[in-house]
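First the structure, in the form of C-alpha cells, and then the observations on it.
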Amino acid sequence: MEFKDFANLQSVQTLRKLAATPYSLAGRGALPPERISGYQASSCDFDLLYATQRIDEQVLTALQELADEAEAVKKFKAMKSGEVLNTIIGHESEDRQVLHTACRDVFSDSPCEPQATAQALVQLARLKTFLADLDNGILTNEQGKNFSTMIQVGIGGSDLGPRALYHGLKRFCRQGRDACFIANVDPDDAAEVLAGIDLSRTLVNVVSKSGSTLETLTNEGLIRQRFIAEGLDPGKHILSVTGEGSPMDDPTKYLASFHMYDYIGGRYSATSMVGGVTLGFVLGYEGFLELLRGANAMDIAAEESDLRKNIPLLMALLGIWNHNFLGFATLAVLPYSQALIRFPAHLQQCDMESNGKSISKCGNPVAWQTGPVVWGEPGTNGQHAFYQLLHQGTEIVPVEFIGFRESQYGEDMLVEGTSSQQKLLANLLAQSLALASGQEHANPNKAFSGNRPNSLLIGERLTPYTMGSLLALYENKIAFQGFCWNINSFDQEGVQLGKRMATRILSEFAGKENGQMKDLLQDAPEISLIQAARLG
Ligand code: G6Q
C-alpha cells in the first residue's frame, strides 16, 4: 500500500481545474429528467440521488481517479483484513488494527479477519446466554421480578453510537423493556435519569473500553451509592463492558461482564458489545443480530471499486469535492426521520474525531483541508430554525438529506388529503430542489441563489437491518475520506490535552477540599482562570 499525499495526486490537479467552473444547478433546465435518473446509486437497501450536487461526468471521472490513486477501496479491504492502519508511520502512535467490521462479519464461513470475528462470536454467545437468562427468569432482581430498564453509563464512543441506535430503533423495543443513558459528569445528568426510575427493576450497564474514564467511573460510583441507599445490592444490578485487562475488568464486581478489544475504536464500537448489551436488552438478541446483518451487508457493498455503485465511497468523494475543491467548510446531515434524532450527534463524533486531523499518515503537516465541521438536526424541525441560512446565508452548507419511504409505526392518517409521511417526504424533496435550483426574484430579499449542493439518501423503512446499514455506510464513508486525505482516521490524540489540564485543575480543587492548598500549578494560567471564574 502506498500513502500518497492528497496534494500530490494527479486527480487533485484535475479536480482543481474543474472546480473553476462547477456545474450550475440554478440555470433553467439544469435538472432535466435524465440528470436526475442518471445520477443515482444503490447500495444495500439505500438509494442515493445526487443530481443536485455540482458535478458532471468529468468531475465524477476525476473523483473516481482520486479514489483509485489514493487506493481507498484497497485500504478499506486491508482494514477489514486486519492491516495495522491506526498508525502514524515513523512516530509513536497507537499502532493498532482497525477491526470494528469484524463485529458484524459473523455470518460468513470465511470472515475477513478470522481471529477478531472469533472473539466477536464468543461475546455474542455470552450475550445470548445472558439475555436468555433474563428471559427465563434465571436472572431476576432481589424480589424475583424481571428487569425492565437498562441504564447505559458511558461517554463519547461508549455512549453516542449506542444512544443514536437506541433512539433509531425505539419502535422495535420489546414490550416492558426500555433503556436510558447517563454520560455527562454533570451530576444533573444522573439525577434527572435516576429520578424517573425504579432502581429495583433496573440493570446498569457500565461501558468503558479503557475502564478509567473519569465521567464513567464517577457515574458508576454515584449509582452504586444510590443502590446501597435504597437497600439494593449493586452487584446484582450492575454489568460491565470493558477492554480485556482494563481496571474495570473485574467480574467479581459485576453481575455480568463483556469484552471489547483494542482494535475497535470507541466511535466505531456501536456494533461491538458497547452497543450490543443495551440494544440486545431492548431489541432482543435477534433484533441486535439484524442490526449486525445490515451493517455487514454495507461493509460488503463498500468493497465495490466503482464509485457509482458504492454509496459510502460516492458520498466520501462528493464530500471531498464540496470541501476541498468548492471550499465549503461544513456539512449538514439532515434526517427526515424523528427516530434519527441522535444520529447527527453520533456522526459529529465519528466524523470529526476521525478526520479532524492536521498531520498526514507520515506525521507531516497537511497542506490540504481534512474533515469538515459536521452538524445536523431532524427535518422538518430544522426548516423552522436554521434553514434560512442554508437557503440565503453567505455560508454555503452542503447537505446530506436522509429519508425513508415508509414511517416506522405506520400510524398515519390523511389530513387535508395527504398523510403526515407524505408531508414529510414532500418537504424533503422540496428542500433538496429549492437549495439546488434557487429562485430568481425582482425583490432581492426574496431571491434564492441556488447552487447549494445536496444529496438525498433514501431507504424503504428504518428497521434494525437498515439502521445497521446506515451506521456502517457513514463509518465507511468516513474511513474512505481519511484514506483519500492520507490521514489516520482512527486515533484521537486531540482530546488528550484538555483531559490532562482538567486533571491538574481537579487536583487543585481536591487540595482545597482537604484544606491543603497545593501549589502545584503556582503561576500557571489554570490558577488565574480558577480565580477569574470565581471557582476557588
Ligand atoms: C472514541 C474516543 C472516545 C471514547 C471515550 C470513552 O473513539 O476514543 O470518545 O470512546 O473517551 O472512552 P472509554 O470507553 O475508554 O471510557
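Numbers here simply count residues along the sequence, with the first being 1. Order of appearance sets the numbers: ligands from 1, and atoms from 1 within every ligand.
If you check which protein heavy atom lies closest to atom 2 (C) of ligand 1, you get Glu353 OE1, 3.2 Å. Looking from atom 10 (O) of ligand 1 to the surrounding protein, the closest heavy atom is Gly157 N, 2.9 Å.
Remark: distances from the non-hydrogen atoms of Gln349 to ligand 1 include one below 4.0 Å.
Listed by atom number, the atoms of ligand 1 under 4.0 Å from Ser208 heavy atoms are 13 (P), 14 (O), 15 (O), 16 (O). Close approach of ligand 1 to Ile155 (heavy-atom distance below 4.0 Å) involves ligand atoms 5 (C), 6 (C), 10 (O). For ligand 1, the atoms lying closer than 4.0 Å to a non-hydrogen atom of Gly266 are 1 (C), 7 (O), 10 (O). Taking every non-hydrogen atom of Thr213 and a distance limit under 4.0 Å, the qualifying atoms of ligand 1 come out as 12 (O), 13 (P), 15 (O), 16 (O).
Contacts with ligand 1 closer than 4.0 Å are made by side-chain heavy atoms of Gln492 only, the backbone lying farther away.
Ring pair Phe6/Trp368 is tilted by interplanar angle, where 30° to 60° counts as tilted. Between Phe343 and Tyr474, the ring planes lie perpendicular to each other; the angle is over 60°, past the 30° to 60° tilted range. The aromatic rings of Phe181 and Tyr166 lie tilted to each other, with the angle between the two planes from 30° to 60°.
Taking any N or O of Lys499, backbone or side chain, none lies under 3.5 Å from an N or O belonging to ligand 1. Residue contacts with ligand 1: Gly156 is placed with no nitrogen or oxygen under 3.5 Å of a nitrogen or oxygen of the ligand (distance criterion only).
The 12-atom threshold is exceeded at CD of Gln408, counting heavy atoms of other residues, nucleotides or ligands nearer than 6.0 Å.
Ring-centre distance between Phe328 and His323: not below the 6.0 Å cut-off.
Thr87 pairs in a side chain to side chain contact (heavy atoms under 4.5 Å, CB included) with only one of the listed residues (Arg96, Glu92, Glu94, Lys361), which is Lys361.
Annotation: cation-pi geometry satisfied between Arg224 and Tyr254 (NZ/CZ under 6.0 angstrom from ring centroid, within 45° of ring axis).
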